[in-house]
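The figures here come from the full heavy-atom set of this structure, side chains too, leaving out hydrogens, waters and symmetry mates. Numbers for residues simply follow the sequence, beginning at 1.
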Amino acid sequence: QVQLEESGGGSVQGGGSLSLSCAASADIYTGYCMAWFRDTGKERELVARTYSGSSTYYPGFLEGRFTLFQDNAKKTVYLQMNSLRPDDTGMYYCAAETTNSYGCGWRTKVADFTWWGQGTQVTVSS
């Protein structure tokens, strides 16, 4: 079991940047697939996922604007968001799922992850 706590949300003008943090209560170096999702008024969607800070996956719609970084010593996952747009506005959630496969495998959906943080709000103005 792992507890997750997000921080770093806020308001920014379009074109700006924000960095989100997700602090985990357990060692996430191995055995966990870590991910960021968001709710923008549509279905909750994956924005990034990683296993042990490597083998990171991003969906194509982000166009390279977001970067996930995992600091295993601090048990923290970061999401650096650049070139933010108003349609990036929403609640951003950190998620985790245990895995024995040394990778995230097929996990891209909400139902694939068991543990969730409370979320942090990101608002991008035009």
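For the side chain to side chain contact (heavy atoms under 4.5 Å, CB included) with Leu79, the lone residue among Thr67, Thr120, Leu20 that qualifies is Leu20.
The two residues Arg107 and Asp112 come nearest to each other via the heavy atoms CA-OD2, 3.4 Å. Minimum heavy-atom separation, Tyr93 to Gly117: CD2-O, 3.6 Å. Nearest heavy-atom pair, Ser54 versus Thr50, reported as atom, atom and distance to 0.1 Å: O-OG1, 2.8 Å. Heavy-atom minimum distance, Arg49 versus Cys104: NE-CB, 3.5 Å. Between Tyr92 and Arg38, the shortest heavy-atom distance links the atoms OH-NH1, 3.1 Å. Residues Ala96 and Leu4 come closest through the heavy atom pair N-CD1, 3.8 Å.
For the residue pair Thr99 / Ser101, a side-chain donor-acceptor distance below 3.5 Å is found, with atom types taken as modelled. Between the side chains of Tyr51 and Thr30, a donor-acceptor pair is found at a separation under 3.5 Å. If you check the side chains of Thr114 and Glu97, you find a donor sitting under 3.5 Å from an acceptor.
Interatomic distance, OG of Ser11 versus CG of Leu84, reported as 11.0 Å (0.5 Å rounding). Between atom CE of residue Met91 and atom OG1 of residue Thr40 there is a gap of 12.0 Å, rounded to the nearest 0.5 Å. Rounding to the nearest 0.5 Å gives a distance of 13.5 Å between OG of Ser126 and CZ of Arg85. To the nearest 0.5 Å, the span separating CG on Asp39 from CZ on Arg44 amounts to 4.0 Å. Here the OG-CD distance, from Ser25 to Glu5, works out to 10.5 Å after rounding to the nearest 0.5 Å.
Between Tyr32 and Thr98, the closest side-chain pair of non-hydrogen atoms falls below 4.5 Å. Asp71 places a side-chain heavy atom less than 4.5 Å from the side chain of Phe69. Annotation: side chain of Val77 is in contact with side chain of Leu68 (closest heavy-atom distance under 4.5 Å). Trp36 is not listed as a side-chain neighbour of Met81, based on a closest heavy-atom distance of 4.5 Å or more.
The main-chain N or O of Ile28 is found under 3.5 Å from a side-chain atom of Gln70 such that the two form a donor-acceptor pair. One N or O on the side chain of Glu6 and one on the backbone of Gln118 form a donor-acceptor pair closer than 3.5 Å. At least one donor-acceptor pair under 3.5 Å links the side chain of Ser52 to the backbone N or O of Tyr29. Remark: side-chain polar atoms of Thr89 are paired, donor with acceptor, to backbone N or O of Val124 under 3.5 angstrom.
Identified under the ring pair (Phe, Tyr, Trp, His ring centres under 6.0 Å) test for residues 107-126, with sequence neighbours left out: Phe37-Phe113, Phe37-Trp116.
Linking Ile, Leu, Val, Met, Phe, Trp and Tyr residues whenever their side-chain heavy atoms come within less than 4.5 Å leaves Val122 and Leu46 in two separate clusters. The hydrophobic cluster containing Phe61 also contains Tyr58, counting ILVMFWY residues as joined when their side-chain heavy atoms lie under 4.5 angstrom apart, directly or transitively. In terms of hydrophobic clustering, with Ile, Leu, Val, Met, Phe, Trp and Tyr side chains grouped at heavy-atom distances under 4.5 Å, Met34 and Val2 are assigned to a common cluster. Under a hydrophobic clustering in which Ile, Leu, Val, Met, Phe, Trp and Tyr are joined whenever their side-chain heavy atoms come within less than 4.5 Å, directly or via other members, Leu18 and Leu62 fall into the same cluster. Tracing side-chain contacts under 4.5 Å through hydrophobic residues (I, L, V, M, F, W, Y), one reaches Phe66 starting from Val12; they form part of the same cluster.
Environment of CD in Gln121: crowded, with over 12 heavy atoms of neighbouring residues, nucleotides or ligands closer than 6.0 Å.
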